[in-house]
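Note sheet for the following structure.
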Amino acid sequence: MQLIAGRLTHLVWFVIFTASLSFYIKRGRRIAELPIRRVAGLDALDEAIGRATEMGMGVHYTMGLQDFEAQTFASFEILRYTAGLTAKMDVPLIVSNYRPQVHPVTEEVVRGAYVLAGKPDAYQADNVRFLSDQQLAYASGVVGILERERIAANLMFGNFYAESLIFAEVGQKMGCIQVTGTANTHQLPFFTAVCDYCLIGEELYAAGAYLSRNPVQVGSLMAQDVGKLLALLFITVGTVLSSFGQKWLTDLVKK
Amino acid sequence: MFHKEQIPILISLTAGAIMIFDFFVKQATIANMASQALKWNIIIAAFATALGGANLLRIHSRRISRRTARWHLSVLLVASMVIYAAVGVTQGPQGVNYQFLWQNLFSPLSATMFSLNAFFIASAAVRAFRIRTIQAAILMVCAFAVMIGNTGVGVALWDGFPKSGQWVMNIVNVAGMRGIVIGAALGAMGISLRVILGLERGHLSGVE
């Protein structure tokens, strides 16, 4: 067994991050009490669903071009919170799915949230929909829902590509309050320009910890902060060394 | 709840460990296992497509039978789905009729949807460039530098326009993007590890 060339730094980084993650998760409940900085986009979820309730209209939720990857798992946490809130407030929630393999998981998350909210009978299986696994066919399906189904709040959290602007502009045209979040840097300008609130990059991954205060998720957030501090340290030291013609750190991280 | 939680966690842990090992070490058995895991993903996706199709059929058949608003659109959807599936299953994706449908129906419709972006980018830009705050003013100046630097007029007016546009894209833009990417990568690592280790369970039963 041999380490693949150029992956040593990745391995060291992976070990440090995993160790830091397990350390903070073990600290458990003490960490869960620590304050997390306010994320306007997540606070706006209540406002968006409240507005839909007042208007007697529905909420639409999309995870974009979802798959079993990190952004989708982060989005499940927000969906669970949203579904719980819509169940409590008796607001219809329509979830549109792109990947057929993710669709049953989405159904389960929404159904579970309705059960937890004490309203299992209010769950409507027809409102969790698989549309298409072709990008633009899916986009046209979502546009159809936004145009026809009396939606007051359009929530978009996950992995978005070229369809992001189509969703955002149509939602804007229909007068929806729009709360979004993605880690896809090329779609962030569209969301920030058109939508009311946007979670940027890591804020999407922090959503679970922010909404649930689950000790495991808050611990993970602490580990991410340690990672960011290390990255900052490496960038600063690397910049200073490079400015003085020292390349040893650059060579080291390439290993 | 054992079958709903413990079995998926075991599968996630095994598949995740295989993929992590495959990323770091050169070993034939692990590479083979990783390749098999990816093939399994394709097989599962194929089976799940049937589930997705069933969901679509259930929702739209009900709409047709109840004659709900715009039920004729559901007829169109179900008919397209059945015809497309029948042609695909009988002739395969390279069949003449399947290719005809793809090139003359699906591709133009997709291109039409995609082309909407051209108009939407313009309307989004109008909203983004309204100078209401200092940040919006900075954004406008940067956008002006990038746009004029990419046009022939800009080059003809002053040769500094392309350079200033490139400076905004290569220095300011990249610095901001990298900050976001580092944070997002750490977030993705955190959530992936939690899923692989079975610490994140909300997606399994909807209950944490």
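Every chain is numbered from 1, with letters handed out A, B, ... down the list of sequences. What you see is a predicted model; the values in this text were computed from it and never measured.
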Other residues, nucleotides and ligands only: do more than 12 of their heavy atoms fall within 6.0 Å of CE on B:M33? no
If you measure from OG1 on A:T185 to CE on B:M177, what distance do you get to the nearest 0.5 Å? 4.5 Å
Using a 4.5 angstrom heavy-atom cutoff, name the option from B:I182, B:I44, B:V195 with the most pairs to chain A. B:V195
So which residue, A:E202, A:H186, A:K173, ends up with the most heavy-atom pairs under 4.5 Å with chain B? A:E202
So, the part of B:I20 with a heavy atom under 4.5 Å from chain A: the answer is side chain
Using non-hydrogen atoms and a 4.5 Å limit, figure out which bit of A:L21 sits close to chain B: side chain, backbone, both or neither. side chain
Closest heavy-atom contact between A:G227 and B:L186? C-CD1, 3.6 Å
In Å, rounded to the nearest 0.5 Å, how long is the span from OG of A:S140 to CG of B:L109? 8.0 Å
Side chain, backbone, both or neither: which part of A:L188 has a heavy atom under 4.5 Å from chain B? side chain
Please flag which part of A:H10 lies under 4.5 Å from any non-hydrogen atom of chain B: side chain, backbone, both or neither. both
Is it true that, when you exclude A:F234 itself, more than 12 heavy atoms of the residues, nucleotides or ligands shown sit nearer than 6.0 Å to its CZ? no
Please answer whether the main-chain N or O of B:F23 pairs with a side-chain N or O of A:R7 as donor and acceptor at a distance below 3.5 Å. yes
Residue among A:A139, A:A183, A:A162 with most heavy-atom pairs under 4.5 Å to chain B: A:A162
Does the side chain of A:E169 pick up a donor-acceptor pair with the side chain of B:S123 at under 3.5 Å? yes
For chain A, the option from B:G52, B:S192, B:G176 that forms the most heavy-atom pairs under 4.5 Å: B:G52
Atom of A:I25, atom of B:L199 and distance for their closest heavy-atom approach: CD1-CD1, 3.7 Å
Straight-line distance of A:L136 CG to B:F114 CZ, nearest 0.5 Å: 7.0 Å
Please classify the contact of A:F190 with chain B as side chain, backbone, both or neither, using a heavy-atom distance under 4.5 Å. side chain
Honestly, the part of A:L232 sitting under 4.5 Å from a heavy atom of chain B is neither
Selection from B:A184, B:A50, B:G179 maximising heavy-atom pairs under 4.5 Å formed with chain A: B:A184
Looking at B:R132, I want to see if its CZ is surrounded by more than 12 non-hydrogen atoms of other residues, nucleotides or ligands under 6.0 Å. no
Heavy-atom neighbours of B:F21 CZ exceed 12 at 6.0 Å: no
Would you mind checking which part of B:R178 comes under 4.5 Å of any heavy atom in chain A, side chain (CB onward), backbone (N, CA, C, O), both or neither? neither
What's the verdict on side-chain contact (heavy atoms from CB on, under 4.5 Å) for B:E200 and A:Q217, showing C-alpha distance, side-chain angles and the deciding distance? CA-CA 8 Å; B:E200 182 99 14; A:Q217 290 173 338; 3.1 Å; yes
Heavy-atom distance under 4.5 Å to chain B: side chain of A:F130, backbone, both or neither? both
Does CE in A:M174 sit with more than 12 non-hydrogen atoms of other residues, nucleotides or ligands closer than 6.0 Å? yes
Which heavy atom of A:G201 sits nearest to which heavy atom of B:I180, and what is that distance? CA-CG2, 4.2 Å
Partner residues of B:W102 under the ring pair (Phe, Tyr, Trp, His ring centres under 6.0 Å) criterion, sequence neighbours left out: B:F106
Chain B contact via A:A125 - side chain, backbone, both or neither, heavy atoms under 4.5 Å: both
For A:L233, does the CG atom sit with more than 12 other heavy atoms under 6.0 Å from it, leaving out its own atoms? yes
Tell me, side chain or backbone of A:A223 under 4.5 Å from chain B's heavy atoms, or both, or neither? neither
Quick one, A:R148 and B:R70 - any side-chain contact, counting heavy atoms below 4.5 Å? yes
Region of B:L51 that comes under 4.5 Å of a non-hydrogen atom in chain A: side chain
Closest non-hydrogen atom pair between B:A48 and A:P100, with its separation: O-CB, 3.2 Å
Under a 4.5 Å heavy-atom cutoff, which of A:Q101, A:R99, A:E203, A:Q71 has the most pairs with chain B? A:Q101
Option that, when pairs with chain B are counted at under 4.5 Å, heavy atom only, ranks first among A:I166, A:T18, A:L8: A:I166
To the nearest 0.5 Å, tell me how far B:R194 CZ sits from A:F73 CZ. 11.0 Å
Per-residue tally against chain A (heavy atom, under 4.5 Å) across B:T49, B:L56, B:L116, B:L139 peaks at B:L56
Please examine the side chains of B:R62 and A:D126, heavy atoms only from C-beta on, and report whether any two atoms are closer than 4.5 Å. yes
Max heavy-atom pairs within cutoff under 4.5 Å with chain B, candidates A:Q135, A:Q172, A:K228, goes to A:Q172
With a 4.5 angstrom heavy-atom cut-off, is it the side chain or the backbone of B:D22 that approaches chain A, or both, or neither? backbone
Interchain contact, A:E69 with chain B, by part (heavy-atom threshold 4.5 Å): neither
Where does A:Q124 contact chain B at under 4.5 Å (heavy atoms): side chain, backbone, both or neither? neither
Can any side-chain N or O of B:N117 pair as donor or acceptor with the backbone N or O of A:L165 at less than 3.5 Å? no
If I measure from the heavy atoms of chain A, does B:I121 come under 4.5 Å with its side chain, its backbone, both, or neither? both
Test item: B:N55 side-chain N/O and A:R129 main-chain N/O as donor-acceptor pair under 3.5 Å: no
Identify which part of A:V143 has an atom lying under 4.5 Å from any heavy atom of chain B, answering side chain, backbone, both or neither. side chain
